[in-house]
Structure formats: structure tokens, C-alpha cells
Amino acid sequence: MATKRRLSNESIESNSSSESFSSMTGKTDLEVNEEALVHHDAGEFHGLIEHQTTAEQAEKLESGSINPFTGNAFSDRYVGILKKRRDLPVHQQRQEFLDIYQKHQIMVFVGETGSGKTTQIPQFVLFDEMPHLKNKQVACTQPRRVAAMSVAERVANEMDVKIGEEVGYSVRFEHKVSNKTILKYMTDGMLLREAMEDHDLTRYSCIILDEAHERTLATDILMGLIKQVVERRPDLKIIVMSATLDAEKFQTYFNEAPLLAVPGRTFPVEVYYTPEYQKDYLDSAMRTVLQIHATEDEGDILLFLTGEDEIEDAVAKLSLEADKLVREENCGPMKVYPLYGSLPPHQQQKIFEKAPEGYNGRPGRKVIVSTNIAETSLTIDGVVYVVDPGFSKQKVYNPRIRVESLLVTPVSKASAQQRAGRAGRTRPGKCFRLYTEEAFQKELIPQSYPEILRSNLSSTVLELKKLGIDDLVHFDFMDPPAPETMMRALEELYYLKCLDAEGNLTELGRLVSLYPLDPMLAVMLVKACDLNCGPEMLTIVSMLSVPNVFVRPGKDKKRADDIKAIFTHPDGDHLTLLNVYHGFKSDEAYEYGVKKWCFDHYLNYRSIQAADNIRNQLERMMERHNLNLESNDYDSPRYFENIKRALAQGFFMQASKKKSNSKGFLTVKDNQQVLIHPSSVLSKEIEWVIYNEFVLTTQNYIRTVTGIKPEWLFEYAPAYFNLDQFMPGDVKMSLERIKERLDVYAKLDKKRKEEKALIENTPEDLAEEKKDKKEKKDKKEKKDKKNKKVKK
DNA sequence: GAGCACTGC
């Protein structure tokens, strides 16, 4: 009690309402091997429908000596695993599950943390469906690839089969499936890709959407799609697996589908709130962590912060303060670890190291300072205390200016509960929320906004079109996106010539939709082939699809910049990326050792390796589509020009013009003031650029930019560059001048052609006169060209 | 003169 009081005096007040977090959501159920904590009676089985499997029959099959799916004898190890599986909470409700499953086409299943739903439900379905007899498969989707792979491995183990045979998985770059496969774990995005080729998902007899409460973009589209597919395929069964929190919403959406809920297996977590609003959550967070260390019993601490910088900063400060506590207050040692996505894997692994030994009866402790990654993707056992300041970085999309950005935002109630639940994995825990209870109740939204409401949807709209959904306005989304977002997406696809004026897929759109790329990138890639620079664009597109390849460590920024200069192409960052990749693939790098080469050149090996992977996948697709993969001669003046022309064909909607007498730029069409990001290699002289992304941080930046000729904009996207629709201003005026000049050229060109025809048929004097004119014009043209060159 | 929350095809 003393502990509590002390805490409440400082920054935390005990709130006697202790929440039970057995309803926690969002984990991958990877830890079902623990002893069961909940025991129900096996229950009576009754009211069975004839011809259908009962739990009893299924269990008999499971405990027989022959594996019904392979025909082989079960191994000894199998029996051991089977025993443990039957201790899982979900096992108690097998019959109940089967009763509902057999009677309904769609059902919602709520399995709380540790119930074993991800591993067991698909197996229950297998014993009921016997899909191998019908030449069908059962699919179970996951939002993350690691989850899909590791769950598949474990279920294969449980079923006593080899991974990739009866049980397999399918994620990008890795498919472990065969013609024997009857249960397939896969990412939700992967199933969506399959649906694009096979609208009715004919190869499946049952589809299980797991972790549906996470509401990824892919899950949301799949749900809408599946709602239509079940109408066409009465034989297809659907199980939507979710957390309790929003189960009702799923039931309603799927036409009042029946619900089955299974208890979880976590410990209660006591929740504390601050008595008043905390102005400085960082300071408050650190004080709380130190406070816990000084006063609470053994158990590790998990602190949630928003991003890399904040985390590294907090880790440094906490480590210092902890040392002070050891010296001055006789506290036990405290080890602090950062955790965030871009941390290299071997460093992420460190969070699993054991906490330091206690000292003088005072507990030693480890503290993990993490982003949201510890909320869903990574589970750390041994955490007993969670400190939650209540913020996270979230993607937001502004359709008006077509910009996605990251904003520090208060978390949702569901998210806060999920965080708290992380304290109750191994024993009862405590969660310290650095905000008031009133704020929790009144200010936090119940659920985080699903991704579909926070994203640019051009890719999604193209996918839906490819899925055969023509009427997007009436498509039954669980949460319909803002009309303006949809309009923006349709508009963008129209200008990219992926949709025609009626909104139908064009030939280009059909092709582009097959690539796992943003439509602008995909169009750029396809168009590059017509300009003989497919292979180069393949590289650029791949390099743009991975996290930043340039590394710039705090202490040798200067050296990193100097080395980057080796790769710099004066025309811009896209071409610089091309140079980096060429360096990566060079004999020199190979002989030197590619990893070391990257390290010494301040390049992120993992990133470039990932780009190489993506490049291979895309290249195979392009070959399959018979696209031209020849290159221009490197010494030809067209080599770089054509690459830039192709860039313009994909990114004409992201063009920008330098402001006169200023280092700033203005974006084309919406006249946003922007600066070129300081990381850019672009020389300052270039007047027109296209940019890969608009980042909204301390300033409006455009990042990854390359110089282009404004004439190309009219050449490749005349519909978009209809100047009547432009806001008056600097950009419009410049474009008008360019357009006028182009029109004059076009006229002259036309005339020249007519004259040429005339020359062939008219008296010589007339021809002479025309020739004169032509010479004059040619001179002017040359002069203009020269001017342009000088400008560049 | 600055930053990448987290996923996914």
C-alpha cells in the first residue's frame, strides 16, 4: 500500500477499478503451449445433425493411430501435443463451434488472448470439411507475414505433417504449399491478390479471416468482397475471428451472423490513472518508470512512446537516471532497451534478454521503450508494468492535397486496453496511464480508425475494379471511406489512363492492377518499357518501395554525406538511387563483400536487399506480360532523358516548379509552397521537378525529386494539364508560356509538313520562299533549344 | 538543413 500511496503522491493515483484484461485483442496466439488456466466441463453433446461430424467423432479421429489426412501412422510426439491442445480453452467449445459452423454460412468467432483460436479453429474445420475429399482448401488469413508463417509451422507440427504439404503458407516472396495442401495460412493481402484472378475464390471451401478487428485495408476489402461471394457460392463457409470489443459490429455487417465467444487466458491488470492532465508526457513517463523501479516488486516495465527519436532519447536519459538510483537509493540495476520497427533484428532480439539480477534485496529490472510494435506484432513475456502515455503516431490522409502524413495522436480505448493487457501475460500486472480517468472515458475514441479511412485509395480502387466491382459507390464497406477520398482516387486513375471516362478499367489499368505497386509507380514502370528503359525503371521503382537506403549516423553525418556524393546524379534522386543499386550489384561490391560494402558506403543493406527481392519479383511479372526489357545504350543521350520522361509519365501529378528568386517550390495545380528536402542531391538550378513524396514535418517538404522538362507534362498528360482548370498564379503563367511556345512549334511543324508536300508539286520560286521561312524557324528552334540547355 | 508508427502485395 505504501507503494501505491507514494506513487499517487508523485504522478499516479490508484484507481480502485481494476479492469480485467481477458478481453485483450490483437495477438497472434503464438503461445498456446502454456498450461491451461481455464477449465470447463467437457459439456454434453446433444442435438447433433445427422451426417455431420461431431466433436466426439473428430476427437476420435484425432486420437486414432492413423492420420486421416495423410494415411500415415501418427508419431509419438503427436500424442503429447494433442494432450496439450485439449487443455486449450477453445477445445471446450468444439461441439458448440461445430453446431454453429454446420448450420450457418458465416459466423463470427471471438477468441480472447491465448484461447488457441488461430491454431485450433482451422483444425476443427478440417475435421469437419475433409477438404481433401472435395479437392478444396481451407484458408486462414493473418495481417502479418511472420504470424502466417510461424502459425503454419506450428499447426503442421500439431497435425503431424510436413510444412508445405497438408499444411502450408503463402506470403509474398514465400510460398510453402503443394497440391496436397488443405490448410493454408496466408496474409490477407495475398488472398486479395488471389481474388483478383479468381473472383469467386473457388479453390476454398472455407475462409477464416483472423484478427479481423485490426481492420487492415486488405481485411476490409476482403470482407466486402466475401459478402458478395457468399451470395454466389452457397457452399463457401466464412469464419470471421475478432476481439470481443467490436464483435457486434462484425455480426451486424455479416447479416446478423451468429457469434461464439471463448474465454482467454490472461491475468488481471490493475489500471492507474493520473489525478490530473500531464503537460509533458515524456517527463511524466520517465518519472513513472523510475518510480516503479524504485518502489515496485520484481517485474519488467514496458513504456510506449511514439517514434525512434523519442525512444532513443528516453533510453539514454532513463539509463543515466537508473545509474543514479543505484548509487543514491540503493536500487537494483535497471537495463533499458529501445524497440521500434527500423531497429535491426539482432538489436530487436535484445529485448528478450533476461533482466539483470537484483541487488541487496532490491529487484533488477529491464525496461523496454517501444513504439506500437509491442502492441500487436511483438509479445514480450515477463512484462508486469506497462506505462502508457496514451499517444502513438498514426497515418492520416488529406484527400484535398493528396498527402499522407504521420501525426502524433491520442490512442483509442481499444488500443489503451491492448497496451494494458501486455502487463498481464505471465502474472497479474499493473498499467499506469499518464492521463486522467475522465480523459480515458470522454476523450479517447472507442476504436482506432480503420486504415481504409486513413489512406489514399488509388491502389484500392484499382484493385476493386480488378475484382470485378464496378459500382464502387454502392460497395458495401464496413466503414465507407470519405466520398472525397474515393473521388480523388478515381480522378487520379483517370489521369493515369487506368480508367476511362466512364470509370471502366482500360487495358493499361488491367495491366497495372496486377503489380504490387502504387498505380503511379506501376504506370511509370510499364511506360518505361516503351522508352527502352524498363530495366532502369525496375530498379528505381524497387528502390522507392523500401525504407530509405541511405544511413546517416549522428556522429558521422559529414562522412556519410561525402560518400553519398559518389552516387549522386546531378539530375536528381531517382537517378542517384539507380547508381546506388548499380554499385550494390557491381563486381567491386561483390568482391569486397556486399554487406561490408554497404556498411562502408553508409547504405542500409537490408533495404537494398529487399529492393533487390522486389526487383526480381517485378521483373518476372514483366517478362510474363511480355514487356520490353531492353535498355538504351548507356552512352546515348537518350539513356537518362528517357528515364526522366518515364518518371514524368507516372508522376506528372506530383510536379513542382521553382519559385522565382526563392529557394522554395510550388506544387503544380494546387500551388502548395514546399521546400526540397535537405537530403536531396538535386542541384539548385533545376526549375521543374517531379517528386516521389510530400512529407509534412517541420515544413512542407518534397522528397526524392528529379528534374524534368515541363514540355513533357503536356506531352504525356494533356488532360491533366488543361490550364483552364488551374488556379491563377506563378505556375499557371509559366505553363501558359510553355504551352504557347509548344503550340507555335506545333503549328510550324504542321505548316512545314504541308510545305514539304507543296515543294514536291509546285514551281521552284514558291519552294524557295518556303525554304527561307523554314530556315528562319529552324534557327529560332535551335536558339530555343540552346537556351533551354543553358538553363538546365 | 532533416527523420521512418506499423503492416502488406
Side-chain angles (χ1 to χ4, degrees), chain A residues 26 28 141-148 170-175 186-197 211 214-222 304-313 339-343 370-378 391-396 404-409 411 415 418 448 450-451 454-455 459-460 462-463 466 512-519 521-522 545-554 557-558 560-561 604 606-607 610 613-614 617-618 621 663 675-681 684 693 695-704:
Chain A
T28 44
T141 68
Q142 298 291 319
R144 284 169 289 279
R145 38 185 291 139
V146 258
S170 190
V171 299
R172 189 182 188 183
F173 306 127
E174 258 194 271
H175 304 270
M186 62 206 301
T187 44
D188 45 15
M190 199 49 134
L191 185 60
L192 199 56
R193 286 279 145 185
E194 284 189 7
M196 284 166 65
E197 304 292 330
E211 315 289 354
E214 286 195 28
R215 303 290 309 276
T216 65
L217 204 43
T219 301
D220 270 25
I221 302 168
L222 277 173
F304 284 100
L305 293 181
T306 64
E308 177 174 343
D309 282 359
E310 205 177 78
I311 287 169
E312 290 295 353
D313 202 46
L339 177 63
Y340 44 85
S342 53
L343 212 59
S370 171
T371 59
N372 264 356
I373 195 169
E375 205 178 295
T376 46
S377 308
L378 263 167
F391 293 98
S392 69
K393 271 191 194 167
Q394 287 193 328
K395 189 174 74 185
V396 286
E404 283 181 343
S405 48
L406 283 174
L407 274 184
V408 174
T409 325
V411 298
S415 200
Q418 171 76 12
S448 311
E451 205 183 349
R454 297 183 284 118
S455 311
S459 231
T460 304
L462 196 62
E463 276 161 22
K466 184 69 185 31
V512 158
S513 71
L514 300 174
Y515 288 80
L517 291 170
D518 183 272
L521 288 171
S545 303
V546 295
N548 189 7
V549 297
F550 297 106
V551 180
R552 208 164 169 255
K557 284 183 181 159
K558 174 79 174 71
D561 291 347
N604 183 336
R606 272 202 302 156
S607 259
N613 242 335
I614 292 173
Q617 185 194 27
L618 296 175
M621 295 178 78
K663 57 180 179 164
L675 291 172
I676 294 207
H677 196 272
S679 66
S680 178
V681 301
K684 304 286 181 283
E693 55 181 344
V695 281
L696 222 127
T697 49
T698 49
Q699 304 247 31
N700 289 342
Y701 288 111
I702 50 176
R703 191 162 52 191
T704 315

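Letters A, B, ... mirror the listed sequences (proteins, then strands); counts begin at 1.
- Put simply, CD1 on A/I614 is 13 Å from C1' on B/dT7, counting in whole angstrom units.
- Rounded to whole angstrom, the span from the CE atom of A/M190 across to the P atom of B/dG8 amounts to 12 Å.
- Among the protein residues, A/F173 comes within range of no part of the nucleic acid, since none of its heavy atoms lies under 4.0 Å from any strand.
- Residue whose closest nucleotide on DNA chain B sits further toward the 5' end, between A/F550 and A/Q617: A/F550.
- For A/K663 and B/dG1, the shortest distance from a side-chain N or O to OP1 or OP2 is below 4.0 Å.
- In this structure the side chain of A/V171 never reaches within 4.5 angstrom of the side chain of A/R144, judged on heavy atoms.
- When distances run from any side-chain atom of A/K557 to the nucleotides B/dA5, B/dC9, B/dG3, the shortest one goes to B/dG3.
- Residue A/R703 places no side-chain atom within donor-acceptor reach of the base of B/dA2, judged by atom type and a 3.5 Å distance cut-off alone.
- Listed pair A/T187 / B/dC9 meets the phosphate criterion, a side-chain N or O lying under 4.0 Å from OP1 or OP2.
- At whole-Å resolution of the value, CD in A/Q142 and P in B/dC9 are 12 Å apart.
- A donor atom on one side chain and an acceptor atom on the other are found under 3.5 Å apart for A/E375 and A/S415.
- Per the geometry, OH belonging to A/Y515 stands 19 Å off C1' belonging to B/dG8, to the nearest Å.
- Residues A/L305 and A/F391 are not in side-chain contact: their nearest non-hydrogen atoms beyond the backbone lie 4.5 Å or more apart.
- We find that CD of A/E404 is positioned 16 Å from P of B/dT7, with the value rounded to whole Å.
- For A/D309, taking side-chain heavy atoms from C-beta onward, the closest of the listed nucleotides B/dC9, B/dG3, B/dA2 is B/dG3.
- Inspection of the A/S342 and A/E308 side chains reveals an N or O donor paired with an N or O acceptor under 3.5 Å.
- For the pair A/L343 CG and B/dA5 P, the computed distance is 12 Å after rounding to whole Å.
- Considering only side-chain N and O atoms, A/Y701 lies under 4.0 angstrom from the phosphate OP1 or OP2 of B/dA2.
- Atom P of nucleotide B/dG8 and atom CG of A/L462 are separated by 22 Å, given to the nearest angstrom.
- Among B/dC6, B/dG8, B/dG1, the nucleotide with an atom closest to any side-chain atom of A/Y340 is B/dC6.
- Each of B/dC9, B/dA5, B/dT7 was ranked by its minimum atom distance to the side chain of A/E451; first place goes to B/dT7.
- Backbone-only contact: A/I373 has heavy atoms under 4.0 Å from sugar-phosphate atoms and none from a base.
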Go through the steps for A/E463 and A/R193 under the test salt bridge (Lys or Arg N to Asp or Glu O under 4.0 Å), then give the verdict. CA-CA 9 Å; A/E463 276 161 22; A/R193 286 279 145 185; 3.6 Å; yes
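- Counting non-hydrogen atoms under 4.0 angstrom, A/V171 reaches the backbone sugars and phosphates but no base.
- Across all strands shown, A/P143 has heavy atoms under 4.0 Å from sugar-phosphate atoms exclusively, and none from any base.
- Residue contacts shown for A/S392 are absent, as no nucleic acid heavy atom lies under 4.0 Å away.
- You'll find that the side chain of A/R145 is closest to B/dG8, out of B/dG8, B/dC6, B/dG1.
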